[in-house]
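For clarity, every value in this text was computed on a predicted model and none was experimentally measured.
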Amino acid sequence: SAVISQKPSRDICQRGTSLTIQCQVDSQVTMMFWYRQQPGQSLTLIATANQGSEATYESGFVIDKFPISRPNLTFSTLTVSNMSPEDSSIYLCSVEVRYSGANVLTFGAGSRLTVL
Amino acid sequence: QQPVQSPQAVILREGEDAVINCSSSKALYSVHWYRQKHGEAPVFLMILLKGGEQKGHDKISASFNEKKQQSSLYLTASQLSYSGTYFCGTGSGTYKYIFGTGTRLKVLA
């Protein structure tokens, strides 16, 4: 099973600034997934990041607001740009792992952002 | 389209049983179940595949009705450690894992 390290674990940011979240995996993975979890809500997929190609964004999420980098098979970053209080959420990095012949998700501990 | 879970929340005492339902408007290739404790990341519990095969937790069972596009998670003889929010996650064959609305479960001593 892959181990995912995310940082920062939490941060308090000012409106209008940008913050980059880093996700490091201890093994090579093809796809990395970025999720947002707003307070008391479910997980919403932001984008899927494949190494060597542009990230694929879900409806409602755009590259200008959430640029993603995937420079190699073990690392990815998500930037939350021009933040507003509505961006206050937990951002989670996730990868697929094999479990008894099936693919399931494992998550990083998350990055809790508070925007003032 | 996000799968809908029911109930939204449930409180039970240790030793009681609970059922959490997950319903999708899209065809399902597989259903995953995750549990998230407060302040922690979601943790994989179980996966159900087309054809009825299930893999995962040995004290929690689940069902998957492909025709109805529904899944249910059965928690029997609940323990305090079962408290948390449960999410179903659906795989639609396009490598997109979409999570359900969530069910908050609290087990009291």
Check: [Y] and [X] side chains under 4.5 Å, non-hydrogen atoms:
{"X": "B/Y34", "Y": "A/V104", "answer": "yes"}
{"X": "B/M46", "Y": "A/Y99", "answer": "no"}
{"X": "A/N103", "Y": "B/Y97", "answer": "yes"}
{"X": "B/V43", "Y": "A/F107", "answer": "no"}

Any residue of residues 99-108 of chain B which, by heavy atoms, sits under 4.5 Å from chain A: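 At a heavy-atom separation under 4.5 Å, chain A is reached by B/F99, B/G100, B/T101.
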
Same apolar cluster: [X] and [Y], side chain cutoff 4.5 Å:
{"X": "A/Y91", "Y": "A/L19", "value": "yes"}
{"X": "B/Y82", "Y": "B/I20", "value": "yes"}
{"X": "A/Y35", "Y": "A/M83", "value": "no"}
{"X": "A/L92", "Y": "A/F33", "value": "yes"}
{"X": "B/I47", "Y": "A/L43", "value": "yes"}

Is A/L105 in contact with chain B via its backbone, its side chain, both, or neither, using a 4.5 Å heavy-atom distance? both

Residue A/E58 versus chain B: region with a heavy atom under 4.5 Å: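 The side chain, not the backbone.
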
Does [X] [atom1] have over 12 foreign heavy atoms under 6.0 Å away?
{"X": "B/R13", "atom1": "CZ", "answer": "no"}
{"X": "B/K37", "atom1": "NZ", "answer": "yes"}
{"X": "B/E16", "atom1": "CD", "answer": "yes"}

Can you tell me which portion of B/Q5 sits under 4.5 Å from chain A's heavy atoms? Options are side chain, backbone, both or neither. neither

Looking only at heavy atoms, what is the nearest atom pair of A/Q37 and B/F87, with distance?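 Minimum heavy-atom contact is NE2-CZ, 3.8 Å.
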
Top residue by heavy-atom pair count (under 4.5 Å) with chain A, among B/P42, B/G39, B/A41? B/P42

